[in-house]
Amino acid sequence: MKIDIFSYVERITKLSTRKKMIILGSIIFVIFFCYWWFFHSVKAAQIKVLRDELSNLQAQLQKSRVIAGNLERYKEEVDRLNEELKKAVAKLPGEKEIPSLLTNISDAGRSVGLEFLLFRPHSEVKKGFYSEVPIEIQVVGTYHQVALFFDKVSKMSRIVNIRNINMGSPKESGGKILLTTSCNAVTFRFLGGEQGDGKK
């Protein structure tokens, strides 16, 4: 079937101005719709993706600028924390120091007049970079002597915590009330390069 374009053009030229405007408007609408559908909508989606990426990059850049601006302060804070860690580690005895520390604890008790019924170190409990060294203690003495003993232990250069204090069995001797006191003294040992697995 052969299409005669000239006959169509001739028919259109004979139409009224109103119909010509409707046809022209329809052609323009189809052209714009095709443009929007095939080009503009695709580009608009791409532009949105790029704008989102740009917004994310700008946010990351702002965070990086804040970090860079505070870098010196962060370095100073890290140095300060490292110094504090060194001081804390210095209060944790090494393996070779544990026997002398145990002797110092027992000497502190005897120096205030306590009688030791029990002084039994238990197995270490590893806790990451350090381990706990628990010592089961039972002493006989006055309340004042026990308080002095705890005070001396608290003033040692090494960290020693007193836990699970239990006082009882009072009895009179030489005009004094003597108590049997049991407790756990827990000191700590720095593991250094050893691996702490949190087990005994």
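It should be emphasised that the depicted structure is a prediction, and the values quoted were computed from it without experimental measurement.
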Say you draw a straight line from CG of N184 to CD1 of I137; how long is it, rounded to the nearest 0.5 Å?
8.0 Å
Can you measure from CD1 (I31) to OG (S26) and round to the nearest 0.5 angstrom?
11.0 Å
Distance check, rounded to the nearest 0.5 Å: S169 atom OG versus L178 atom CG?
11.5 Å
Judged by atom type as modelled, is there a donor-acceptor pair below 3.5 Å linking the side chain of S64 to the main-chain atoms of Q60?
yes
Take a 6.0 Å sphere around CE of M21 and say whether it holds more than 12 heavy atoms from other residues, nucleotides or ligands.
no
What pair of heavy atoms forms the shortest contact from S123 to P134, and how long is it?
O-CD, 3.5 Å
With rounding to the nearest 0.5 Å, note down the distance linking OG1 in T103 to CZ in R110.
9.0 Å
Identify whether the distance between the nearest side-chain nitrogen and carboxylate oxygen of E76 and R73 falls below 4.0 Å.
no
Flag side-chain contact, heavy atom, 4.5 Å: L117 against E115
yes
Linking I/L/V/M/F/W/Y whenever any side-chain heavy atoms sit under 4.5 Å apart, do V153 and F119 land together?
yes
Distance check, rounded to the nearest 0.5 Å: I165 atom CD1 versus T181 atom OG1?
8.5 Å
Hey, could you give me each pair passing side-chain hydrogen bond (donor to acceptor under 3.5 Å, both in side chains) that has a residue in residues 131-147? Not counting sequence neighbours.
R120-E136, H122-E136, E124-S131, T142-Q145
hydrophobic_cluster_shared for V160 and F116, side chain cutoff 4.5 Å:
yes
When you group the ILVMFWY residues by side-chain heavy-atom contacts below 4.5 Å and let the links chain together, are L179 and V146 in the same group?
yes
Excluding sequence neighbours, so at least two apart, what forms side-chain contact (heavy atoms from CB on, under 4.5 Å) with Q62?
R65, V66
Taking C-beta and beyond as the side chain, do F150 and C183 meet within less than 4.5 Å on heavy atoms?
yes
Heavy-atom side-chain proximity of I135 to I105 below 4.5 angstrom:
yes
Measuring only between side-chain heavy atoms, which start at C-beta, is K152 closer than 4.5 Å to V112?
yes
If I take atom CG from residue D52 and atom CG from residue L50, how far apart are they, to the nearest 0.5 angstrom?
9.0 Å
Got a sec, which residues hit salt bridge (charged side-chain N to carboxylate O under 4.0 Å, His left out) with K63, two or more places apart in sequence or on another chain?
none
